[in-house]
*Asks:* 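One structure follows; several queries about it will come next.
FYI, side chains are in, hydrogens and waters are out, and symmetry mates aren't considered; it's all heavy atoms of this structure.
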Amino acid sequence: MSDPVIALLPLFRESLSLAFGDEFAETDPMLRTSKHADFQANCALSLAKTLKRPPREVASALLDRLPHADIIERAEISGPGFINVWLTREYLAKALSEASADLGLTPTETPETVVVDYSSPNVAKELHVGNLRSTIIGDALCRVLEAVGHKVLRQNHLGDWGTPFGMLIENLLEGDVEAGEQSIKNLNAFYQAARKKFDSDSAFAERARNRVVMLQRGDVETLELWKKLVLASTRYFNTIYDLLGVTLRDEHLAGESLYNPWLPQVVEELTARNLAVESDGAICIFPPGFLGREQQPLPLIIRKQDGGYGYATTDLAAVRYRTQSLHATRILYVVGASQEQHLSMVFAAAKVAGWLVEPARAEHVSFGAILGSDKKMFRTRAGETIRLLDLLNEAVSRAQSIVTEKNPNLPPEVQHSIAHAVGIGALKYADLSNDRGKDYVFDWDRMLSFDGNTAPYLQYAHARIRSIFRKGEAEIPSADSVRIVAPEEKALALTLLAYPTVVRDVADSLDPHKLCGYLYELATAFSTFYECCPVLKAPSQSERDSRLVLCDFTARVLEKGLMLLGIESPEKM
RNA sequence: GCGCCCGUAGCUCAGCUGGAUAGAGCAUCGGCCUUCGAAGCCGGUGGUCGCAGGUUCGAAUCCUGCCGGGCGCGCCA
């Protein structure tokens with residue numbers, strides 16, 4: 001870990017225990033970046049309360065006992081009792097040099113097995129904007145968790161089971177099966193046709209209901225048809241995943257059908273242990289603390305009146321599978337905010353059942369909706385839901401026209417690959433750079449802009465750096481040639497060294513927008529440096545080498561950081 | 001009706017878990033291309049942090065109550 005805070009921490013801990021006794025050795029010195037210094041320690045203010053001494057006196061006591069180290073250039077008390085700290089340029093150069101190989105990101109000492117449940121589209125349905133956030137956020141989190149050293153198990157909880165499959169299979173049988181395979185290609189139309197027949201044709205609806213029963217029983221012919229539906233869908237999903245550049249593969253498919261064989265025993269076990277009870281003909285579990293409309297306990301229905309199982313049972317079986325078979329200690333559900341109550345009830349029930357016990361825990365990685373400029377649900381002008389494929393194609397074609405305008409002399413195939421990286425990157429970044437808990441407003445012009453906190457701006461910063469090396473035909477000098485002199489070099493160095501802390505913070509908080517904010521800060525710090533500090537035309541060879549190392553380090557952090565978000569970094573654009 | 005989430009510049013968003021004068025981008029006004037990519041950089045204008053109380057050295061941040069918006073609340077998943 002290259003973050004200077006890590007180096008500063010033991011010095012302040014020692015000072016704390018020297019000044020106020022060993023019981024304060026674990027006190028958090030509250031080291032933060034500062035606009036008044038390189039770092040500031042805020043602990044004197046809060047300590048003043050417990051010690052009942054004036055804050056500046058506390059700060060002074062700490063400052064007096066701060067061990068001398070070659071890290072600190074100077075430290076002083078400021079304002080009501082902040083301790084401002086400036087680092088030596090020698091230390092920053094050394095820290096950068098040591099961090100160069102792995103960008104300062106060393107693997108965690110406490111690796112875990114983390115299940116990430118994300119994307120989870122429905123079979124026989126078109127992927128639409130509603131699936132976008134789960135897919136993008138989930139994929140970024142997987143990459144970040146792996147980067148800090150966790151074992152990540154991606155689980156694509158496909159909607160591949162349940163009552164809709166009765167009508168879908170019957171619809172498949174309406175024509176001959178081969179023709180059916182053709183029509184599956186237009187999934188929305190196929191689904192809607194089935195739906196329409198189900199609603200208007202009572203004989204068809206009856207056959208559909210029977211078909212569900214046959215499917216549940218494992219009728220061979222029915223299962224064959226079901227498999228056709230699933231295969232056609234997953235093939236289609238894969239083409240979109242490839243286009244989007246997400247890491248989901250067939251091996252990560254773990255749909256609802258996977259848990260089907262275990263549903264009866266889940267219910268039996270819960271019933272046998274008196275955790276679930278019969279209510280209005282259904283079998284329910286009433287997790288403590290959940291109340292409904294009339295203050296009555298809220299049920300989680302694990303077996304319906306008709307004997308069928310709903311998604312609560314599947315979700316419970318999935319928790320059990322993930323902790324007991326996959327040995328996950330952390331389970332992440334990248335699912336929309338509307339599922340909040342359902343998921344907390346499932347988690348509560350799983351805890352009562354003993355399937356979710358420490359150190360294992362489940363977290364709902366909630367996210368808000370994508371809104372149009374009218375602040376309502378993002379839809380086409382005609383009011384229809386937007387196909388994800390259309391959205392992706394539009395992103396690429398919009399980027400394409402910008403690239404051809406800005407850089408017309410590049411070969412067409414290079415232009416296209418840049419357009420893909422920029423378009424898809426812009427789309428993903430627009431999503432990831434917003435606080436995932438909130439709704440956000442979708443805006444093509446803003447996300448594709450080269451100004452502001454956007455993917456194209458970061459990609460541009462990266463491409464500019466790469467072009468320095470091309471133009472200067474420069475090799476990357478040895479990392480220990482860094483010398484920090486100019487204030488812009490120092491600001492850049494401090495930002496670079498913060499990278500590992502930011503990535504770890506994201507692995508913990510599951511907030512990718514913090515990584516976005518950091519990369520934007522880095523790109524602006526680089527731009528400022530680049531304006532002020534000539535690289536290829538540096539006054540001396542040693543300055544040129546030092547600045548080339550800073551350039552290369554920055555380019556690698558940008559590239560790696562974007563990669564963790566699932567975004568490409570073209571060499572030219 | 002109850003529960004959860006949200007309300008920050010004209011617009012779109014940050015705000016490091018209670019710290020210094022609340023920050024960016026867009027828009028607007030003004031500077032910078034005979035030197036490494038101007039797809040860029042530097043500066044100005046612009047805020048009663050929804051409202052009202054409370055907690056304390058200190059609140060956009062924590063607590064309470066309102067106002068406004070979204071979502072959820074028994075057999076779809």
*Asks:* Say you draw a straight line from NE2 of A/H462 to CZ of A/R464; how long is it, rounded to the nearest 0.5 Å?
*Replies:*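 Atom-to-atom, A/H462:NE2 and A/R464:CZ are 13.5 Å apart.
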
*Asks:* For the P atoms, the ones on B/U48 and on B/G23, what distance do you get once it is rounded to whole angstrom?
*Replies:* 15 Å

*Asks:* Distances under 3.5 Å only, N/O to N/O: pair up the protein atoms with those of nucleotides 3-9 of chain B.
*Replies:*
{"residue": "B/G7", "atom": "OP1", "partner": "A/K438", "partner atom": "NZ", "Å": "3.2"}

*Asks:* I want to check one thing: is the phosphate of B/G72, taken as OP1 and OP2, less than 4.0 Å away from some side-chain N or O of A/S338?
*Replies:*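 No, no such contact exists.
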
*Asks:* What is the distance from CD of A/Q296 to P of B/G1, rounded to the nearest Å?
*Replies:*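 The distance from CD of A/Q296 to P of B/G1 comes to 17 Å, rounded to the nearest Å.
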
*Asks:* Please classify the nucleic acid contact of A/G159 as base, sugar-phosphate, or nothing, using heavy-atom distances under 4.0 Å.
*Replies:* nothing

*Asks:* For A/E531 and B/A39, what is the distance between atoms CD and P respectively, to the nearest whole Å?
*Replies:*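 My rounded result for the distance is 12 Å.
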
*Asks:* Choosing from B/A77, B/A38, B/C13, which nucleotide comes nearest the side chain of A/N434?
*Replies:* B/C13

*Asks:* What does A/D435 touch in the nucleic acid at a heavy-atom separation under 4.0 angstrom: a base, only the sugar-phosphate, or nothing?
*Replies:*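 Sugar-phosphate contact only.
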
*Asks:* Could you work out the separation of B/U55 and B/U17 based on their P atoms and round it to a whole Å?
*Replies:* 25 Å

*Asks:* What integer number of Å spans the P atoms of B/G50 and B/C6?
*Replies:*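 12 Å, rounded to whole Å.
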
*Asks:* Assign each of A/I301 and A/I468 to its nearest nucleotide of RNA chain B by heavy atoms, then name whichever residue's nucleotide is nearer the 5' end.
*Replies:* A/I468

*Asks:* Is B/U8 in the syn range, within 90° of 0, or in the anti range?
*Replies:*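 Anti for B/U8; the angle lies over 90° from 0.
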
*Asks:* If the C1' atom of B/G15 is compared with that of B/A9, how far apart are they to the nearest Å?
*Replies:* 14 Å

*Asks:* Regarding A/D280, tell me which of base, sugar-phosphate or nothing describes its non-hydrogen contacts under 4.0 Å with the strands shown.
*Replies:*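 If one applies the 4.0 Å heavy-atom cut-off, A/D280 turns out to touch a base.
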
*Asks:* Output the rounded distance in Å from CG (A/N131) to C1' (B/A77).
*Replies:* 13 Å

*Asks:* Under 4.0 angstrom, heavy atoms only, what part of the nucleic acid is A/S279 near: base, sugar-phosphate, or nothing?
*Replies:*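 Here A/S279 touches the bases of the nucleic acid.
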
*Asks:* Categorize A/T454 for me: base, sugar-phosphate, or nothing, with a 4.0 angstrom heavy-atom threshold over every strand shown.
*Replies:* nothing

*Asks:* Taking only the side-chain heavy atoms of A/R32 (C-beta and beyond), determine which of B/C73, B/U17, B/A38 contains the nearest atom.
*Replies:*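 The answer is B/U17.
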
*Asks:* Under 3.5 Å, which donor-acceptor pairs link side chains of residues 447-455 of chain A to any protein atom two or more places apart or in another chain?
*Replies:*
{"residue": "A/S449", "atom": "OG", "partner": "A/D451", "partner atom": "N", "Å": "2.9"}
{"residue": "A/S449", "atom": "OG", "partner": "A/D451", "partner atom": "O", "Å": "3.2"}
{"residue": "A/N453", "atom": "OD1", "partner": "A/Y429", "partner atom": "OH", "Å": "2.5"}
{"residue": "A/T454", "atom": "OG1", "partner": "A/S449", "partner atom": "O", "Å": "2.7"}
{"residue": "A/T454", "atom": "OG1", "partner": "A/Y457", "partner atom": "N", "Å": "3.2"}

*Asks:* Using a cut-off of 4.0 Å on non-hydrogen atoms, how would the nucleic acid contact of A/V441 be classed: base, sugar-phosphate, or nothing?
*Replies:*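 A/V441: backbone/sugar contact only, no base atoms under 4.0 Å.
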
*Asks:* Figure out the CG/C1' separation between A/L432 and B/C13, and round it to whole Å.
*Replies:*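 In whole Å, B/C13 C1' lies 15 Å from A/L432 CG.
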
*Asks:* Under 4.0 Å, heavy atoms only, any strand: does A/K471 hit a base, just the sugar-phosphate, or nothing?
*Replies:*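 The answer is sugar-phosphate, as A/K471 gets under 4.0 Å only of primed atoms, P, OP1 or OP2.
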
*Asks:* Please check: side-chain N/O of A/Q296 versus main-chain N/O of A/E294, any donor-acceptor pairing under 3.5 Å?
*Replies:*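 Answer holds: yes.
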
*Asks:* Compare the aromatic ring of A/F450 with the six-membered base ring of B/A39 and state whether they stack according to the 5.5 Å and 30° rule.
*Replies:* no

*Asks:* Can a donor-acceptor pair be found, under 3.5 Å and without considering hydrogens, that links the side chain of A/D280 to the backbone of A/A282?
*Replies:* no

*Asks:* Between the side chain of A/D3 and the main-chain N/O of A/T501, is any donor-acceptor distance below 3.5 Å?
*Replies:* no

*Asks:* Please confirm whether A/F39 and A/F82 have ring centers closer than 6.0 angstrom.
*Replies:* no

*Asks:* Tell me whether the OP1 or OP2 atom of B/G40 has a side-chain N or O from A/S527 closer than 4.0 Å.
*Replies:* no

*Asks:* What does nucleotides 20-25 of chain B look like as a protein-contact string, B for base, S for sugar-phosphate only, - for none, at under 4.0 angstrom between heavy atoms?
*Replies:* B--SSS

*Asks:* Heavy atoms under 4.0 Å, any strand shown: does A/A282 hit a base, just sugar-phosphate, or nothing?
*Replies:*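 Answer is base: heavy atoms of A/A282 come under 4.0 Å of a base.
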
*Asks:* Does a nitrogen or oxygen in the side chain of A/H513 sit under 4.0 Å from OP1 or OP2 of B/G15?
*Replies:*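 Checking B/G15 against A/H513, a side-chain N or O does come within under 4.0 Å of OP1 or OP2.
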
*Asks:* Less than 4.0 angstrom between a side-chain N/O of A/K375 and OP1 or OP2 of B/U12, yes or no?
*Replies:*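 For A/K375, the contact criterion (side-chain N or O under 4.0 Å from OP1 or OP2 of B/U12) is met.
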
*Asks:* Would you indicate what A/C533 reaches in the nucleic acid, counting non-hydrogen atoms under 4.0 angstrom: base, sugar-phosphate, or nothing?
*Replies:*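 The residue A/C533 makes base contact.
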
*Asks:* Within the 4.0 Å heavy-atom criterion, would you say A/C284 contacts the bases, only the backbone, or no part of the nucleic acid?
*Replies:*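 Touches a base.
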
*Asks:* Could you go step by step and tell me if A/D439 and A/K375 meet the salt bridge (Lys or Arg N to Asp or Glu O under 4.0 Å) rule?
*Replies:* CA-CA 9 Å; A/D439 297 349; A/K375 296 266 193 159; over 6 Å; no

*Asks:* So, A/R436 side chain and A/G368 main chain: donor-acceptor pair closer than 3.5 Å or not?
*Replies:*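 Pair absent, no side-chain N/O of A/R436 close to backbone of A/G368.
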
*Asks:* For residues A/H342 and A/Y311, is any side-chain donor paired with an opposing acceptor at under 3.5 Å?
*Replies:*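 On atom types as modelled, these side chains qualify, holding a pair under 3.5 Å.
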
*Asks:* Measure the distance from OH on A/Y530 to P on B/C33 and round it to the nearest whole Å.
*Replies:*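 Nearest whole value for this atom pair: 17 Å.
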
*Asks:* Closer than 3.5 angstrom, by distance alone: can the side chain of A/H364 be matched with the main-chain N or O of A/G336 as a donor-acceptor pair?
*Replies:*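 Yes, the answer is positive, given that a donor and an acceptor are paired below the 3.5 Å cut-off.
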
*Asks:* For B/C32, decide between syn and anti, treating a glycosidic angle within 90° of 0 as syn.
*Replies:* anti

*Asks:* Would you say the side chain of A/Y460 and the base of B/A39 hold a donor-acceptor pair, judged only by whether the two atoms sit under 3.5 Å apart?
*Replies:*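 Side chain to base: no pair present.
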
*Asks:* Could you check how far CG of A/L31 sits from P of B/U17, rounded to whole Å?
*Replies:* 12 Å

*Asks:* Mapping A/N122 and A/L47 to their closest nucleotides on RNA chain B, which lands nearer the 5' end?
*Replies:* A/L47

*Asks:* Base, sugar-phosphate alone, or nothing: which one does A/E256 contact when heavy atoms must sit under 4.0 Å apart?
*Replies:* sugar-phosphate

*Asks:* Protein-nucleotides 45-47 of chain B N/O pairs closer than 3.5 Å?
*Replies:*
none

*Asks:* Just wondering, more than 12 heavy atoms not from A/E278 lying within 6.0 Å of its CD?
*Replies:* yes

*Asks:* Using only atom types and a distance under 3.5 Å, with no angle test, would you say the side chain of A/D443 pairs donor to acceptor with the backbone of A/R446?
*Replies:*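 Such a contact is found between A/D443 side chain and A/R446 backbone.
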
*Asks:* Please state how far atom CE in A/M573 lies from atom C1' in B/G37, giving the value in whole angstrom units.
*Replies:*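 About 11 Å, once rounded to whole Å.
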
*Asks:* Measuring from A/I476:CD1 to A/F469:CZ, what's the distance to the nearest 0.5 Å?
*Replies:* 5.5 Å

*Asks:* So, does A/S60 use its side chain to make a donor-acceptor pair with the main chain of A/R56 at under 3.5 Å?
*Replies:* no

*Asks:* If the C1' atom of B/G18 is compared with that of B/C63, how far apart are they to the nearest Å?
*Replies:* 13 Å

*Asks:* For A/W444, check ring pair (Phe, Tyr, Trp, His ring centres under 6.0 Å) against everything at least two apart and list the hits.
*Replies:*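 By the ring pair (Phe, Tyr, Trp, His ring centres under 6.0 Å) rule, A/W444 matches A/F442.
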
*Asks:* About how many Å separate CE of A/M167 and CZ of A/R211, when rounded to the nearest 0.5 Å?
*Replies:* 14.5 Å

*Asks:* For the pair A/T404 (side chain) and A/Q400 (backbone), establish whether a donor and an acceptor sit closer than 3.5 Å, ignoring hydrogens and angles.
*Replies:*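 Flag set: sc A/T404 to bb A/Q400 pair under 3.5 Å.
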
*Asks:* For A/Y440 and B/U12, say yes or no: do the ring centres fall under 5.5 Å of each other while the ring planes differ by less than 30°?
*Replies:* no

*Asks:* Whole Å only: how far is the OH atom of A/Y518 from the P atom of B/C13?
*Replies:* 25 Å

*Asks:* Can you give me the dot-bracket string for RNA chain B, 5' to 3', counting Watson-Crick and G-U wobble pairs with both distances under 3.5 Å, using [ ] for crossing pairs and | for partners on another strand?
*Replies:* (((((.(..((((.....[...)))).(((((.......))))).....(((((..]....)))))).)))))....

*Asks:* Distance-only, no hydrogens or angles: does the A/Q415 side chain make a donor-acceptor pair with backbone N or O of A/N407 under 3.5 Å?
*Replies:* yes

